[in-house]
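This report refers to the structure that appears directly beneath it.
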Amino acid sequence: MIKKNIIDYLSKDSKFRSLFKKNFITRFSPEPNGCLHLGHVKSIWVNCSLAKVLNGNCYIRFDDTNPIKENKIYITSVLEDIHWLGLKLKNINYASNYFNKLFEWALLLIKQGKAYIDDLSISEIKQYRGDFKSVGYNSPYRKRNIKDNIFFFKKMYKGFVKEGKKVLRAKIDMNSKNINLRDPIMYRIINVYHYRTGNYWKIYPSYDFTHGQSDMLEGITHSICTLEFETNRYLYQWFLKNIFNDYFKYPKQIEFSRMNISFSLTSKRKIKLLIDKNFIFGWDDPRLSTISGMRRRGYTPTSLKNLCKITGITRSNNNIDIHLQYYAIRSDLENKVIRVMCVINPIKLILTNLIVDYEEIITVKNHPFIEMGARSMYFNREIWIDLKDFNNKQNLFRLSKGKNVRLRHSYIIKCKKFVFFKNEQIKEIQGIVYLNSKHKNLEGKILKGVIHWVSVKHSVPVLIRLYNTLLHKNIVNNNSFFFTDSIGEPIFSHIKPETRVQFERIGFFCADRYDFNKTNFVFNEIISLKTFI
RNA sequence: UGGGGUAUAGCCAAGUGGUAAGGCACCGGUUUUUGGUAUCGGCAUCCCAGGUUCAACUCCUGGUACCCCAGCCA
């Protein structure tokens with residue numbers, strides 16, 4: 001159990017175990033029945049980093065004991081996600097590799113009189129189990145003799161018994177206060193194709209009967225899992241004790257609380273529902289907290305791992321403020337990506353004191369103080385600026401009639417007039433440029449406003465996808481996705497999909513993994529700047 | 001309701017008898033050609049009530065709130 005600092009706690013335990021020559025070994029054991037999400041990242045991270053700190057190893061084992069739900073496609077997807085995360089998992093194991101051993105151990109328990117074949121139906125078993133208020137009572141088949149138990153178990157194994165007709169149960173204690181110990185199911189009959197073992201098995205072991213023994217087999221020393229398995233721990237230990245003799249080799253189950261992030265969705269069932277209703281586009285929808293979704297959105301592996309680190313490992317229920325997630329990605333991207341300009345709501349600004357074909361090339365650094373090279377920006381008579389930067393209310397930071405503002409990396413301009421369409425929508429802005437203000441201030445003029453811009457002549461169309469949280473006040477947010485045609489600098493033809501950039505004064509964006517190409521500049525908003533236009 | 005857990009600021013989270021770390025968020029100052037970044041400062045007496053002690057977030061007693069367990073899921 002985690003009492004205080006888990007590293008201290010495990011260090012001591014690890015030291016204790018090292019007396020018996022055991023390394024510290026953990027494992028990540030996903031069930032191959034869906035995509036990995038942020039919660040899994042936490043689990044992988046906890047297992048890996050603990051192993052790293054304590055000079056051990058972390059393995060991966062697919063918990064594939066339920067062929068009805070599991071599928072090969074998830075193996076590939078899980079492995080790809082972990083690879084992308086960049087966390088090293090040693091050995092790839094499968095619980096299904098141990099089906100033979102498990103079967104033998106089940107037989108062993110039967111022979112010792114510690115397991116029996118039960119003919120009760122699902123509803124009868126449920127009824128016999130009792131509930132929180134009442135104890136359970138013994139199945140009439142509980143005292144079936146060992147010989148018959150072996151006979152029927154083998155019959156089940158050979159596929160001679162129909163699904164649901166018989167089941168193998170551990171003979172523990174129907175009066176136990178821990179309901180998990182009221183003769184739990186060890187094997188059930190499932191006669192369907194398994195993606196690894198094919199049609200060989202007609203019976204499959206339960207999670208409880210599989211997990212501990214698999215850990216033991218692999219030499220796992222610490223089986224770290226989430227809090228919902230707390231009461232299963234006693235069962236985990238029971239199987240170990242009744243199958244193996246060497247106490248000092250028993251793996252130890254330790255629980256910690258799962259990571260919950262506000263306004264995020266990780267439930268497989270709910271995600272599926274949203275996909276079916278066409279509310280989101282798939283498992284890698286950038287609004288999702290699945291690894292593939294976050295990757296597509298533009299989150300970095302570092303930011304995800306850092307999020308795990310700064311949220312800690314405890315046993316208390318948590319609901320982490322999504323700002324921590326935002327902080328993790330912003331701080332990672334801050335000094336790692338280039339900064340360019342993109343105008344999201346373009347409005348034309350005409351600088352009337354320039355000649356029609358005025359053109360000047362301005363060299364601009366790609367990052368203010370990290371060496372990331374430089375690029376050329378073209379300065380012409382007609383430029384695009386953002387409509388949001390035009391503000392009639394004499395805002396200190398924005399452009400309004402008669403006011404000066406600086407064009408980022410270039411000159412100070414003044415707004416002279418604006419032209420409206422008939423419907424009162426603004427059509428264009430006219431202004432003048434102070435050609436003596438490049439890289440310096442005009443005398444006596446203190447400027448607060450700096451706005452971004454792109455030359456009309458030298459620009460490219462860009463598709464911007466903007467996101468809000470998927471949930472809003474715990475219900476699905478109808479305004480979680482927008483897309484807008486925008487205008488950016490010409491350098492986008494040189495970047496690859498999944499490249500991350502900062503659009504100055506707006507936020508961090510990522511060239512879409514699938515939709516971005518040399519002729520179609522599609523960007524996903526990763527995260528806005530802390531205050532943005 | 002039985003059993004198993006958890007309670008420290010708006011959100012995470014250190015802390016194991018010597019007088020409440022840190023991060024996020026928020027608020028304010030400085031720097032700044034991004035309302036960004038950086039930087040400086042502000043921001044809790046520890047679920048409640050008793051008790052033990054020179055001294056309690058830490059120990060004891062009694063409460064309260066929330067989470068997990070009654071799948072042939074994991």
Side-chain angles (χ1 to χ4, degrees), chain A residues 1 3-5 29-31 33 63-66 68-70 118 120-122 125-127 129-136 163-169 176-182 184-190 203-204 206-208 210-211 225-234 255 257 259-262 307 309-328 330-331 334-335 339 341 367-369 395-398 405-412 437-441 447-452 502-508 528-533:
Chain A
M1 285 209 285
K3 282 171 188 157
K4 47 170 199 170
N5 189 316
S29 56
E31 188 191 6
N33 72 344
D63 228 318
D64 51 357
T65 55
N66 187 351
I68 297 167
K69 293 188 174 178
E70 292 144 12
D118 198 347
L120 253 29
S121 69
I122 294 177
I125 286 182
K126 188 181 162 73
Q127 206 180 94
R129 184 153 38 217
D131 56 27
F132 297 144
K133 282 182 251 176
S134 59
V135 294
E163 282 186 31
K165 288 294 176 197
K166 285 189 194 322
V167 81
L168 180 69
R169 293 230 253 167
S176 175
K177 285 170 178 173
N178 180 349
I179 295 181
N180 289 283
L181 261 25
R182 317 239 258 236
I185 274 89
M186 290 166 60
Y187 267 93
R188 70 278 209 213
I189 299 163
I190 305 176
I203 55 172
Y204 289 89
S206 65
Y207 161 84
D208 287 305
T210 308
H211 211 82
C225 62
T226 43
L227 244 27
E228 64 262 34
F229 293 100
E230 247 175 322
T231 44
N232 295 54
R233 187 173 62 238
Y234 303 92
E255 311 87 18
S257 54
M259 179 167 76
N260 306 302
I261 309 261
S262 58
L307 177 63
K309 194 174 171 182
I310 61 186
T311 50
I313 312 166
T314 65
R315 314 186 104 229
S316 46
N317 297 329
N318 58 69
N319 186 208
I320 289 151
D321 192 330
I322 198 161
H323 282 102
L324 262 158
Q325 182 183 311
Y326 297 160
Y327 167 76
R330 280 200 195 103
S331 56
E334 177 65 24
N335 290 331
R339 300 175 183 194
M341 299 209 249
H367 191 284
F369 55 88
N395 184 314
L396 268 180
F397 297 94
R398 309 286 165 104
V405 87
R406 165 149 244 131
L407 296 178
R408 172 115 243 242
H409 297 129
S410 107
Y411 299 99
I412 293 173
S437 65
K438 193 174 171 185
H439 305 314
K440 64 173 191 225
N441 270 332
L447 268 188
K448 270 230 148 130
V450 176
I451 66 171
H452 57 101
Q502 181 189 119
F503 292 158
E504 294 209 43
R505 301 212 306 134
I506 303 169
F508 294 98
S528 69
L529 293 185
K530 252 175 119 181
T531 47
F532 53 98
I533 64 156

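So you know, we letter chains A, B, ... as the sequences are listed, proteins then strands, and number each from 1.
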Exercise. According to a strict under-4.0 Å criterion, is A:R188 in side-chain N/O contact with OP1 or OP2 of B:A74?
Worked result: yes

Exercise. Taking atom P in both B:C72 and B:C12, what distance in whole Å separates the two?
Worked result: 34 Å

For this session: Indicate yes or no: does A:E163 engage A:R188 in a salt bridge with an N to O separation below 4.0 Å.
Result: no

Problem set entry | Span that lies between the C1' atom of B:U37 and that of B:C48, in whole angstrom | 45 Å

For this session: For the pair A:Y326 and A:H323, name the ring-plane relationship: parallel under 30°, tilted 30 to 60°, perpendicular over 60°.
Result: perpendicular

Exercise. Is the shortest side-chain N/O distance from A:S134 to OP1 or OP2 of B:G2 below 4.0 Å?
Worked result: no

Exercise. Which of these nucleotides, B:C69, B:C12, B:A74, is closest to any side-chain atom of A:I320?
Worked result: B:C12

Exercise. Out of B:C68, B:G71, B:U6, which has the shortest distance to the side chain of A:R315?
Worked result: B:U6

Problem set entry | For B:U33, the Watson-Crick or wobble counterpart (both distances under 3.5 Å) | none

Exercise. Between B:A25, B:G2, B:A74, which nucleotide gets closest to the side-chain atoms of A:R330?
Worked result: B:A25

Exercise. Looking only at atom P, what distance separates B:C27 and B:G15, rounded to whole Å?
Worked result: 31 Å

For this session: When you get a sec, tell me which of B:C72, B:A14, B:C69 is the closest nucleotide to the side chain of A:R129?
Result: B:C72

For this session: Compare the minimum distances between each of B:U33, B:C73, B:C69 and the side chain of A:E31, then state the nucleotide with the smallest one.
Result: B:C73

Exercise. When all nucleic acid strands are considered with a 4.0 Å heavy-atom cut-off, which category describes A:N335: base, sugar-phosphate, or nothing?
Worked result: nothing

For this session: Pick the P atom in B:G10 and in B:C46, then give their distance to the nearest Å.
Result: 13 Å

Seminar exercise, completed: B:U61 -> Watson-Crick or G-U wobble partner, both distances under 3.5 Å, gives B:A49

Seminar exercise, completed: Among the nucleotides B:G36, B:A74, B:C72, whichever has the atom closest to the side chain of A:I125 is B:C72

Exercise. Is the ring of A:Y207 stacked on the base of B:A74, with centres less than 5.5 Å apart and planes under 30° off?
Worked result: no

Problem set entry | N/O (side chain, A:T65) to phosphate O (OP1/OP2, B:A74) under 4.0 Å | yes

Exercise. Is the phosphate of B:C12, meaning OP1 or OP2, less than 4.0 Å from a side-chain N or O of A:T311?
Worked result: no

Exercise. In terms of side-chain heavy atoms of A:D63, which of B:A74, B:U1, B:G3 is nearest?
Worked result: B:A74

Exercise. Taking the side chain of A:Y234 as its heavy atoms from C-beta onward, which of B:A13, B:U33, B:G4 lies nearest to it?
Worked result: B:G4

Exercise. Do the side-chain N or O atoms of A:K530 get closer than 4.0 angstrom to the phosphate oxygens (OP1, OP2) of B:A25?
Worked result: yes

Exercise. Distance between the P atoms of B:U6 and B:A13, in whole angstroms?
Worked result: 13 Å

Exercise. Rounding to the closest angstrom, what is the interatomic distance between B:C57 and B:C68 at atom P?
Worked result: 31 Å

For this session: Give none if B:G2 has no partner; otherwise give the nucleotide forming a Watson-Crick or G-U wobble pair with it, both distances under 3.5 Å.
Result: B:C69

Exercise. Any idea which of B:G5, B:A70, B:C24 is nearest the A:Y327 side chain?
Worked result: B:C24

For this session: Report which part of the nucleic acid A:R398 touches: base, sugar-phosphate, or nothing (heavy-atom distance under 4.0 Å, all strands).
Result: base

Problem set entry | Phosphate OP1/OP2 of B:G71: any A:K126 side-chain N/O under 4.0 Å | yes

Exercise. Among B:C68, B:U6, B:C67, which is the nearest nucleotide to the side chain of A:N317?
Worked result: B:C67

For this session: Could you check whether A:D131 gets within reach of a base, just the sugar-phosphate, or nothing at all, counting any heavy atom under 4.0 Å?
Result: base

